[in-house]
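The structure that follows is given in the form of structure tokens.
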Amino acid sequence: MTDQWCAQPERWSVQDDDGVVVADFVQVRGLLRGHDFWWAADLRPAPEADPAHAAAVVRRRLPGWMAELRVTGPQDAFARLLLDASLSRGRYAHHYVWDFGALAPDPAWSEPALPPDLALVPPQEVSPRRLFRVHRRAYPGTHPDHPAGDFERLAQLIGGSLFGGLLGGSAVALRGRRPVAGIMVGQENGDSSLAAAVLPRAGHSVADLALTGPAVVDLFRDPEDSHHGLGGLLLRRALALTAKEGAPSLSLTVTEGNPARHLYTRTGFTHSHSTVALRLPQ
């Protein structure tokens, strides 16, 4: 039996004994080794709920669940109470978006000037094995996303079975015949089912399974390559091409401590929210 995740885009509510909604979330069902496993993704308190009451009801209604909290800031009492009671903690991630309706990318970014020895090609034209060697070097042991993934995950990403077929903003930078950087832009789909062994290394939060729209699902550069600014070039090109294709926005997720976060803000992405994963007590 194959392990799977399956997200349902509609939000589920958590109610107290009086039937008052105190929180809501995206329900994700995991089928792990034949057993049901439930994840409350993007768990948020109701706007008017008392944080302490909402946290207590969530603990009572969802015992033992994995959850991903939307963290609004250091004073978020609801998140802090659940974090203090959690059995374990997982990824702390920051979510960014570029809204093309509010700000259109520079169309000239779609055709960047490249050094004579550098070329951009679709990821499907590069051997996944060769690309994987660069991918691993981009995430050394000191990187917050180490290990970034495995060969199977990268092959599935390029092949379109993780986040759908890659969009036009995806590219691999070749220096001669050697891949030195890559960006993968996928069409996220709330109907996706992902192998549970792959999902934790997919570079995204569980809540993202219930989102739709173009997203940067991977961006990496060979640290041994001398061309600085290549990540920004690929990111700007992806923005321009995604906007040209008529998409309303481009999103991405970055782990706390990842230095690439500065690139995203410098390029013009807007921080939308942060999330932290945890296991609720039994």
Side-chain angles (χ1 to χ4, degrees), residues 42 68-74 90-110 112 120 123 134-135 137-140 142-149 154 157 162-163 166-173 180-188 201-209 211-223 225 227-245 247-277:
D42 194 23
E68 186 177 60
L69 299 175
R70 179 174 289 232
V71 181
T72 58
R91 187 186 187 206
Y92 181 27
H94 305 286
H95 306 260
Y96 287 82
V97 64
W98 185 307
D99 182 350
F100 299 143
L103 178 64
D106 186 341
W109 289 352
S110 63
L120 301 181
V134 178
H135 194 265
R137 285 198 297 272
Y139 296 93
T142 56
H143 196 283
D145 286 322
H146 172 83
L154 188 61
L157 175 57
L162 274 186
F163 293 98
L166 295 180
L167 302 183
S170 305
V172 172
V180 294
I183 186 168
M184 313 294 173
V185 181
Q187 182 73 32
E188 304 205 305
R201 299 188 294 275
H204 268 238
S205 69
V206 177
D208 290 330
L209 296 182
L211 301 178
T212 57
V216 177
V217 294
D218 213 335
L219 173 61
F220 56 93
R221 184 181 76 85
D222 189 342
D225 188 72
H227 190 287
H228 297 291
L230 191 50
L233 181 150
L234 292 175
L235 188 60
R236 292 189 294 272
R237 178 179 179 273
L239 281 162
L241 290 176
T242 304
K244 187 176 180 179
E245 291 171 350
S249 63
L250 183 65
S251 62
L252 57 86
T253 301
V254 58
T255 302
E256 170 68 18
N258 188 336
R261 188 178 179 189
H262 301 297
L263 168 64
Y264 304 141
T265 56
R266 191 167 62 245
T267 300
F269 280 84
T270 300
H271 178 255
S272 59
H273 63 284
S274 298
T275 54
V276 61

Quiz prompt | Where Ala247 and Phe100 come nearest, the two heavy atoms and their spacing | solution =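 Answer, listing the atom of Ala247 first, then Phe100: O-CD1, 3.1 Å.
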Quiz item: How about Thr255 and Arg91: does a side-chain donor come under 3.5 Å of a side-chain acceptor?
Solution: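 Side-chain D/A pair, Thr255 to Arg91: present.
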Exercise. Step by step, work out the side chain to side chain contact (heavy atoms under 4.5 Å, CB included) result for Leu103 and Trp98.
Key: CA-CA 8 Å; Leu103 178 64; Trp98 185 307; 3.7 Å; yes
Exercise. Scan Val254, Leu263, Leu252 and name whichever one has a side chain to side chain contact (heavy atoms under 4.5 Å, CB included) with Leu219.
Key: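 Only match with Leu219 under side chain to side chain contact (heavy atoms under 4.5 Å, CB included): Leu263.
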Practice problem: Please work out whether the ring planes of Tyr139 and His143 are parallel, tilted or perpendicular, with thresholds of 30° and 60°. | Solution: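 The arrangement is perpendicular - the two ring planes meet at more than 60°.
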Quiz item: Between the side chains of His135 and Asp222, does any donor sit under 3.5 Å from an acceptor?
Solution: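 Not at all, the side chains of His135 and Asp222 share no donor-acceptor pair under 3.5 Å.
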Self-check item: Between CG on residue Leu157 and CG on residue Leu166, distance to nearest 0.5 Å
Solution: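 Rounded to the nearest 0.5 Å, the CG-CG separation comes out at 5.5 Å.
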Quiz item: Could you state the interatomic distance from CE (Met184) to CG (Leu167), rounded to the nearest 0.5 Å?
Solution: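 Going from the CE atom of Met184 to the CG atom of Leu167 covers 12.5 Å.
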Quiz prompt | Check against side chain to side chain contact (heavy atoms under 4.5 Å, CB included), Val97 and Leu250 | solution = CA-CA 6 Å; Val97 64; Leu250 183 65; over 6 Å; no
Quiz item: Looking only at heavy atoms, what is the nearest atom pair of Val172 and Pro123, with distance?
Solution: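 Between these two residues, the closest heavy atoms are CG2-CA, 3.7 Å.
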Practice problem: Please examine the side chains of Leu235 and Phe269, heavy atoms only from C-beta on, and report whether any two atoms are closer than 4.5 Å. | Solution: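 Touching, per the 4.5 Å side-chain cut-off.
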Quiz item: Any side-chain heavy atom of Thr275 within less than 4.5 Å of one from Tyr92?
Solution: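 Side-chain contact under 4.5 Å: no.
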Practice problem: Go through the steps to decide whether Asp218 and Ile183 satisfy the test side chain to side chain contact (heavy atoms under 4.5 Å, CB included), and finish with yes or no. | Solution: CA-CA 6 Å; Asp218 213 335; Ile183 186 168; over 6 Å; no
Exercise. Can you measure from NE2 (His271) to NE2 (His94) and round to the nearest 0.5 angstrom?
Key: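 If I round to the nearest 0.5 Å, the distance is 6.0 Å.
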Exercise. Kindly indicate, with the supporting measurements, whether the criterion side chain to side chain contact (heavy atoms under 4.5 Å, CB included) is fulfilled by Thr265 and Tyr96.
Key: CA-CA 9 Å; Thr265 56; Tyr96 287 82; 3.6 Å; yes
Quiz item: Any side-chain heavy atom of Arg237 sitting closer than 4.5 Å to one from Leu120?
Solution: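 They are in side-chain contact.
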Quiz item: For the atom pair CZ (Arg221) and CZ (Arg137), what is the distance rounded to the nearest 0.5 Å?
Solution: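 Arg221 CZ to Arg137 CZ: 11.5 Å, rounded to 0.5 Å.
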Quiz item: Ser170 side chain to Val185 main-chain N or O, any donor-acceptor pair under 3.5 Å?
Solution: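 The answer is yes, because a donor-acceptor pair under 3.5 Å joins these two groups.
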Quiz item: Is it the case that Ser272 and His95 place a side-chain donor and acceptor less than 3.5 Å from each other?
Solution: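 Not at all, the side chains of Ser272 and His95 share no donor-acceptor pair under 3.5 Å.
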Quiz item: Minimum heavy-atom separation for Phe220 to Ala138, with atom names?
Solution: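 Heavy-atom minimum between the residues: CB-CB, 3.8 Å.
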Quiz prompt | Short side-chain to backbone donor-acceptor contact, Glu245 and Gly168, under 3.5 Å | solution =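 Confirmed, Glu245 side chain pairs with Gly168 backbone.
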Practice problem: Would you name the heavy atoms of Leu230 and Ala173 that are closest together and state the gap between them? | Solution: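 That closest heavy-atom pairing would be CD2-CB, 4.0 Å.
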Quiz prompt | Side-chain (Thr242) to main-chain (Ala238) donor-acceptor, under 3.5 angstrom | solution =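 Yes; at least one donor-acceptor contact below 3.5 Å.
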